Trainee: 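Handing you this structure, nothing more for now.
Counting convention: from 1, in listed order, for ligands and their atoms alike. Not measured: the values here are computed from a predicted model.
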Amino acid sequence: MEKYLLLHYGEIGLKKSNKDYFVKKLQRFLKLKLDRNFKGNFVVRHSLGRLTVKLPEKIDINKYVDVVEKVFGVRNFKFVLEGSTDLKKLAGQIWDNMPKFEQKPANFVVRCKRSMVLPFHSVDAERELGALLLDEGLGLPVKLKNAELTIDVEFFNNHGFFSFKKYDGAGGLSVNSQGKLVSLISSGIDSPVASYLMMRRGARIIFTHFHGYPYTDKDEMAQVKQLVKILSGYQQHTKLYLLPFGQVQKAIATNLDIPGKIRTVLYRRMMVRIAEKIARQEKARGLVTGDSLGQVASQTSENMFAIHDASTIPLFQPLIGFDKEETVKLAEKIGTFEISKLPCKDSCTMFMPRKPELRANVYDVRRYEENLDVEKWVEKVVDEAEVILL
Ligand code: ATP
Ligand code: MG
């Protein structure tokens, strides 16, 4: 009996004339991930609002789940067997392929969907298959809502494709369907999640990290590389710029004409400018940061105003309305939390003022900045970038 991976897409299905664009991107990326991870030449077909992929006979399902779970655009997926459209035959096939449960489920339900002409309705098929399975010897009561075992059947392409488990997909839009964005990523909890959320909406993320080396050790950079490695599983080509920022912080911190408390805002303005320069080089259309309104000193609305003032391209901040708890939950789900929570000296803490300004005035900030050769520093840091491909 043939085995398939069957996927349903989510929001892409709502697209009208440009649905094909999104479906093609999804097909291409899924094929790439499968080919690369399982050394094959997989064919991803699109038919009647679903994607199907014929699978080899023997597969390690968990490995496939790990890969498919990271493909954006997918609402859910399952591993199905190609059964008959004859309900009697189909019930026999389902029964013969029933998984060996470690713990027997307490109840079951049959769910059918059809996208082909058949002499019965889906609800009739559900009832009949349920009864036939009970005849076969499935000694379980039927439970219509929240059953422990759902036997799922989809009738299309002249077959009844059945499965016993459905997996949640990653949601969002197809990878690389929205062009490039440059993300500012630290070793903290928030920015990896922010990058993930923008990738989920179809952006291809180019990562930039500002480090304090040689004023700090290389731990932070190593941590960021690990984070970017995890996130790189969600897209095709991943680039990380490591930018030597300690020299800029030192220049600001040692400038006697710049008050200590305003430094944080100036650091961030410089980061934004440097990231913007990289965005222009990379033909990216905006920046991404992990800010959440009011979370720390640099994220008051006044300070954000003063920071955004340094950028002439859009700044996307998907966590702006998130509580920390919500961000942590997502970080745990993605797998970045375990790395982000490790303590390490980040480049910003080193030249940090004891009491940062909470309500920077943008005109003052611009005035203080005149004491710096902004252009020179932007050029220098970009010139000295180390670029890593993952
Ligand atoms: P995070 O957990 O992402 O570090 P945070 O709550 O610590 O965020 P800040 O340190 O104020 O907040 O940083 C705000 C945002 O600025 C970060 O989410 C990130 O996008 C960017 N950022 C901060 N430090 C760096 C850095 N060293 N390199 C690149 N981006 C940075
Ligand atoms: Mg931080």
Side-chain angles (χ1 to χ4, degrees), residues 181-199 205-213 215-225 227-228 231 239-249 252 263-279 286-304 306-308 310-311 315-328 330-332 334 336-353 356-358 360 381-382 385-386 388:
L181 297 175
V182 167
S183 181
L184 288 80
I185 189 166
S186 72
S187 57
I189 295 166
D190 303 332
S191 39
V193 176
S195 310
Y196 167 87
L197 286 175
M198 297 314 289
M199 278 171 151
I205 297 289
I206 291 154
F207 294 90
T208 55
H209 172 64
F210 298 84
H211 65 81
Y213 187 78
Y215 304 97
T216 55
D217 55 29
K218 287 193 166 177
D219 289 1
E220 194 200 359
M221 254 190 273
Q223 201 161 309
V224 169
K225 279 187 215 167
L227 291 168
V228 173
L231 294 168
K239 221 184 215 186
L240 165 64
Y241 283 80
L242 294 170
L243 301 150
F245 196 63
Q247 49 187 340
V248 179
Q249 291 186 295
I252 294 172
R263 272 182 225 161
T264 330
V265 171
L266 294 197
Y267 297 158
R268 263 302 119 67
R269 281 169 65 93
M270 290 303 289
M271 283 188 190
V272 162
R273 286 199 185 95
I274 294 162
E276 177 173 336
K277 186 163 175 78
I278 291 168
L287 307 179
V288 181
T289 72
D291 295 73
S292 156
L293 188 63
Q295 194 190 82
V296 291
S298 63
Q299 297 167 18
T300 61
S301 61
E302 291 89 343
N303 285 357
M304 282 177 111
I307 293 164
H308 286 216
S311 167
L315 253 159
F316 296 98
Q317 301 180 312
L319 304 181
I320 198 69
F322 275 43
D323 285 357
K324 193 75 183 187
E325 265 171 48
E326 295 167 308
T327 306
V328 167
L330 254 177
E332 282 171 339
I334 307 163
T336 52
F337 184 69
E338 285 303 307
I339 300 167
S340 294
K341 75 172 188 199
L342 299 171
C344 84
K345 229 199 223 129
D346 83 42
S347 66
C348 288
T349 48
M350 202 184 43
F351 295 107
M352 240 14 156
E357 176 61 68
L358 294 178
V381 173
V382 175
E386 184 194 344
I388 297 177

Trainee: Can you sort out which atoms of ligand 1 are near Gln299, meaning under 4.0 Å from one of its heavy atoms?
Mentor: 6 (O), 9 (P), 11 (O), 12 (O), 13 (O), 14 (C)
Trainee: Mark up the atoms of ligand 1 that fall under 4.0 Å of a heavy atom belonging to Thr208, in ascending order.
Mentor: 29 (C)
Trainee: When you compare ligand 1 with Val288, is there at least one nitrogen or oxygen pair between them that comes in under 3.5 angstrom?
Mentor: no
Trainee: Provide the number and element of each atom of ligand 1 under 4.0 Å from a heavy atom of Gln295.
Mentor: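 Going through ligand 1 atom by atom, the ones under 4.0 Å from Gln295 are 6 (O).
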Trainee: If I take atom CD1 from residue Ile206 and atom CG from residue Leu181, how far apart are they, to the nearest 0.5 angstrom?
Mentor: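 It comes to 8.5 Å.
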Trainee: Backbone or side chain, does any N or O of Glu220 fall under 3.5 Å from an N or O of ligand 1?
Mentor: no
Trainee: Under 3.5 Å, is there a donor-acceptor pair between the His308 and Gln317 side chains?
Mentor: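 Judged by distance alone, the side chains do pair up.
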Trainee: Which ligand 1 atoms does Ile189 reach within 4.0 Å, using its non-hydrogen atoms?
Mentor: 2 (O)
Trainee: Hey, could you give me each pair passing salt bridge (Lys or Arg N to Asp or Glu O under 4.0 Å) that has a residue in residues 183-199? Not counting sequence neighbours.
Mentor: Asp190-Lys324
Trainee: Is there a heavy atom in His211 that sits closer than 4.0 Å to ligand 1?
Mentor: no
Trainee: Below 3.5 Å, N or O to N or O, backbone or side chain included: is there any such pair between Leu184 and ligand 1?
Mentor: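 There is such a contact, yes.
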Trainee: Identify, by atom number and element, the atoms of ligand 1 in contact range of Val296, meaning under 4.0 Å from any of its heavy atoms.
Mentor: 11 (O)
Trainee: Hey, is ligand 1 close enough to Arg268 that some N/O pair sits below 3.5 Å?
Mentor: yes
Trainee: Out of Phe210, Tyr215, Tyr267, which residue meets the ring pair (Phe, Tyr, Trp, His ring centres under 6.0 Å) rule with Phe351?
Mentor: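 It is Tyr215, the one option of Phe210, Tyr215, Tyr267 that forms the ring pair (Phe, Tyr, Trp, His ring centres under 6.0 Å) with Phe351.
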Trainee: To check you understand the geometry: which heavy-atom pair defines the closest contact between Ser186 and Leu227, and what is its length?
Mentor: O-CD1, 3.8 Å
Trainee: Should Val272 and Leu287 be marked as a side chain to side chain contact (heavy atoms under 4.5 Å, CB included) after you check the CA-CA gap, both sets of side-chain angles, and the distance that decides it?
Mentor: CA-CA 8 Å; Val272 162; Leu287 307 179; 4.0 Å; yes
Trainee: Short question: side chain of Arg273, backbone of Ser311 - any donor-acceptor pair under 3.5 Å?
Mentor: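 Checked: no pair found.
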